[in-house]
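Step one of this worksheet: look at the structure below.
The chains referred to below are lettered A, B, ... by the order of the sequence lines, with proteins before strands, and numbering in each begins at 1.
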Amino acid sequence: MLRFAPSPTGDMHIGNLRVALFNHIMSKKRNEPLLVRIEDTDKERNIEGKENEILELLSLFGIEHQEHQLQSNNLKFHRAMALQLLHDKKAFNCFCSAQTLDAKRDAAKEAKIAYRYDGTCSNLHAEEVIDNMAPFTIRLKKPIHSITVHDIIKGESSFAPDDIDSFILMRTDKYPTYNFACAVDDMLSDVSLIIRGEDHFSNTPKQIAIHQALGYDKKIEYAHLPIILNNEGKKMSKRDDASSVKWLLEEGYLPEAICNYMILIGNKTPHEIFTVANAITWFDLATISKSPAHFDIDKLKFINREHLKMMDPKELSRYVGFADEEIGRLAKVFLDEAGTLKELRAKISTIFSPKEVPEEYREGFDVLRELTLKAPHYDDYESYKAYLMQHSGLKGKNLFKPLRILIGGSEHGPELSDLYTHLKNYLKEVVK
RNA sequence: GGCUCCAUCAUCUAACGGUUAGGAUUCCAGGUUUUCAUCCUGGUCACAGGGGUUCAAAUCCCCUUGGAGUCACCA
């Protein structure tokens with residue numbers, strides 16, 4: 001079982017999408033089911049509707065899952081496991097208040113030393129516990145030995161007990177912390193491979209410590225994906241437009257192209273342009289680079305253009321608001337100067353919109369327009385051109401410039417013959 | 001600051017001890033084009049620094065420097 005575990009607290013981030021995509025690919029490669037677990041334990045931060053948004057995006061990107069869970073539904077298991085750990089003396093009740101803890105943390109920071117839980121409540125007598133009516137958290141006793149994480153991408157890393165520390169499992173409100181809920185759920189779902197972002201790397205020894213304390217010794221494989229950096233070399237955040245999957249989609253990047261780029265970046269692939277289905281055949285987690293990768297929108301655009309070129313004309317025409325493959329072909333002609341659906345839509349739209357004509361071409365434009373309105377249907381551009389030349393007396397620049405504006409909407413653009421070929425059935429509409 | 005990880009062109013990467021350090025994107029120039037772009041051709045640009053090991057180091061080891069992630073009763 002593999003799992004993708006997003007929290008419904010914000011817009012889908014490009015890094016999340018990448019994690020989901022890699023899980024999907026590995027699930028296919030290993031022929032193991034994929035679980036989508038919505039991590040909704042933070043009731044304050046949950047946003048209504050985000051869960052469905054995530055699910056819709058996954059399906060838009062062709063990421064299939066076989067199982068679905070709401071983490072909050074597993075609360076009874078979290079509580080039972082916490083009780084078990086308490087009973088086994090692997091965990092203890094901690095009565096330290098948040099204020100006390102904060103003060104100690106600040107003091108440590110002031111003294112420039114690493115903050116560690118000082119063990120105040122780790123060896124309380126039973127009477128001290130039962131007599132204490134203050135709210136409490138439950139903490140895991142820090143492990144005795146170091147914990148080594150074996151990561152498919154990063155290799156082996158070892159963490160000392162002090163760095164793992166006696167961390168909190170259950171909050172005063174009786175709800176589990178992220179690490180605890182996650183560790184318990186992964187165990188209960190019999191997860192075999194965890195693929196997630198590198199920002200979870202330092203949580204891994206903690207989750208392993210929980211598994212060890214619970215006596216769970218099934219081997220789980222880990223793969224932590226390097227962070228995606230923005231232009232400044234910092235982790236991509238909400239501030240970066242391109243970090244939002246929704247934004248990329250609105251800008252006119254194709255899901256196929258985004259997937260292609262997500263697999264390409266920070267990786268060695270046999271080809272540069274490919275589909276997810278194709279990637280499943282050669283994809284290998286072990287080839288992924290250990291260092292963070294910079295997001296390069298130019299490269300994405302290049303890839304997007306390549307996917308647009310490969311797209312079925314009929315499908316492309318739907319994307320730009322038509323249902324005629326001839327318009328799809330027309331759009332492909334504009335691919336030379338446009339790289340996204342948004343740009344393509346703008347190009348097509350100017351063709352069908354009222355034209356802005358510079359004064360110097362106004363006269364020629366009007367003449368050509370009138371002639372086109374009265375013209376019989378010509379199947380090829382050469383005949384149409386000959387007709388215009390004969391009846392207008394225009395030639396050279398004085399013919400081509402206004403003509404280009406008339407049927408292309410712009411002084412610059414693709415070959416007029418290409419334009420005409422795909423537009424001839426729409427000519428009267430275009431010039432009206 | 002502690003912990004963990006990383007280090008080849010501006011960016012993504014190739015090289016797995018012996019190459020004029022290769023490719024792609026970007027950028028620039030020329031050609032093509034009635035036009036801009038595409039396209040074609042060409043060009044600029046990299047082994048972070050210093051020590052070792054070795055006949056031989058981008059590649060192995062160490063140090064320095066630089067970068068990233070993370071250090072919550074968030075996930």
Side-chain angles (χ1 to χ4, degrees), chain A residues 5-10 16 38-42 44-46 71 94 96-98 101-102 105 108-116 135-139 149 151 153-160 162-165 167-182 196-206 224 226-229 231 233-235 261 264-269 271-273 287 289-303 305 309 333-339 395-401 403-404 408 410-416 418:
Chain A
S7 58
T9 54
N16 278 120
I38 305 292
E39 310 236 318
D40 59 344
T41 56
D42 186 356
E44 307 286 304
R45 299 208 313 164
N46 287 346
Q71 187 160 58
C94 175
C96 298
S97 71
L101 261 16
D102 284 346
R105 218 182 330 265
K109 195 170 182 183
E110 194 77 18
K112 284 202 179 285
I113 51 173
Y115 168 76
R116 295 281 135 74
F136 62 89
T137 60
I138 298 175
R139 308 181 91 110
V149 177
D151 189 277
I153 296 169
K154 300 174 86 70
E156 285 192 6
S157 310
S158 186
F159 296 83
D162 275 349
D163 294 323
I164 295 168
D165 212 1
F167 60 95
I168 294 175
L169 262 24
M170 296 291 285
R171 311 185 218 141
T172 47
D173 65 1
K174 315 292 185 198
Y175 282 86
T177 58
Y178 161 74
N179 273 313
F180 189 50
C182 182
R196 70 207 335 181
E198 194 182 12
D199 44 341
H200 287 287
F201 192 62
S202 46
N203 286 325
T204 306
K206 295 187 184 207
H224 288 90
I227 295 293
I228 300 177
L229 271 24
N231 283 338
K234 298 286 179 200
K235 182 181 175 183
Y261 184 60
L264 183 75
I265 189 176
N267 196 5
K268 39 186 124 175
T269 58
H271 319 285
E272 201 157 36
I273 306 300
T287 64
S289 161
K290 292 181 193 181
S291 35
H294 290 78
F295 189 92
D296 182 1
I297 195 97
D298 285 331
K299 188 86 176 195
L300 207 212
K301 200 170 205 172
F302 161 75
I303 289 169
R305 179 178 276 141
K309 282 181 190 168
V333 169
F334 278 99
L335 235 30
D336 293 341
E337 50 191 291
K395 59 183 178 179
K397 195 177 168 189
N398 290 331
L399 168 68
F400 292 114
K401 279 287 180 186
L403 179 57
R404 178 170 287 287
S410 163
E411 280 189 63
H412 307 292
E415 299 278 344
L416 283 170
D418 287 336

Inset, instruction - Please measure how far the P atom in B/rU44 lies from the corresponding atom in B/rA10, and state the result in whole Å. - result: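 Comparing P positions in B/rU44 and B/rA10 gives a spacing of 14 Å.
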Inset, instruction - Taking atom P in both B/rC5 and B/rA29, compute the distance separating them and give it to the nearest angstrom. - result: 47 Å
Is [X] close enough to [N] that one of its side-chain N or O atoms is under 4.0 Å from OP1 or OP2 there?
X	N	answer
A/Lys109	B/rG2	no
A/Lys268	B/rA14	yes
A/Arg171	B/rA75	yes
A/Lys234	B/rA68	yes
A/Thr41	B/rA75	yes
A/Arg139	B/rA72	no
A/Ser157	B/rC5	yes

Gap between atoms [atom1] and [atom2], on [X] and [N] respectively (whole Å):
X	N	atom1	atom2	answer
A/Ile265	B/rU26	CD1	C1'	15 Å
A/Leu403	B/rU34	CG	C1'	11 Å
A/Glu44	B/rA75	CD	P	11 Å
A/Leu416	B/rU38	CG	P	18 Å
A/Lys154	B/rU70	NZ	P	11 Å
A/Phe334	B/rC36	CZ	C1'	12 Å
A/His294	B/rU13	NE2	C1'	14 Å
A/Tyr178	B/rC74	OH	C1'	11 Å

Legend entry - Nucleotide nearest A/Glu337 when distance is taken to its side chain, options B/rU26, B/rA37, B/rU13: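 Selected nucleotide (nearest to the side chain): B/rA37.
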Inset, instruction - Please determine, for the side chain of A/Asp163, which listed nucleotide (B/rC5, B/rC3, B/rC73) has the closest atom? - result: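 Of B/rC5, B/rC3, B/rC73, B/rC3 is nearest to the side chain of A/Asp163.
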Inset, instruction - Could you give me the CA-CA distance, side-chain angles and deciding distance for A/Asp163 and A/Arg116, then say whether salt bridge (Lys or Arg N to Asp or Glu O under 4.0 Å) is met? - result: CA-CA 8 Å; A/Asp163 294 323; A/Arg116 295 281 135 74; 3.0 Å; yes
Inset, instruction - Take A/Lys301 and A/Asp298 through the test salt bridge (Lys or Arg N to Asp or Glu O under 4.0 Å) and record every step on the way to the result. - result: CA-CA 5 Å; A/Lys301 200 170 205 172; A/Asp298 285 331; over 6 Å; no
Inset, instruction - Determine whether the aromatic ring centres of A/Phe295 and A/Tyr261 lie less than 6.0 Å apart. - result: yes
Inset, instruction - Using the closest heavy atom to pick a nucleotide of RNA chain B for each, name whichever of A/Tyr115 or A/Asp40 lands nearer the 5' end. - result: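 With A/Tyr115 and A/Asp40 compared, the 5'-side residue is A/Tyr115.
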Legend entry - 5′-ward residue of the pair A/Glu39/A/Ile113 relative to RNA chain B: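 Result: A/Ile113.
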Legend entry - Short N-O contact, A/Asp42 and A/Arg45, less than 4.0 angstrom: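 So A/Asp42 pairs with A/Arg45 through a salt bridge.
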Legend entry - Ion pair check, A/Arg305 and A/Asp336, cut-off under 4.0 Å: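 A/Asp336 and A/Arg305: not salt-bridged.
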Legend entry - B/rC73 base / A/Thr172 side chain donor-acceptor hit below 3.5 Å: yes
Inset, instruction - Report yes if a donor N or O on one partner sits less than 3.5 Å from an acceptor N or O on the other, where the partners are the side chain of A/Lys299 and the base of B/rA24; otherwise report no. - result: yes
Inset, instruction - Indicate whether the side chain of A/Asp40 and that of A/Ser7 have a donor and an acceptor atom separated by less than 3.5 Å. - result: no
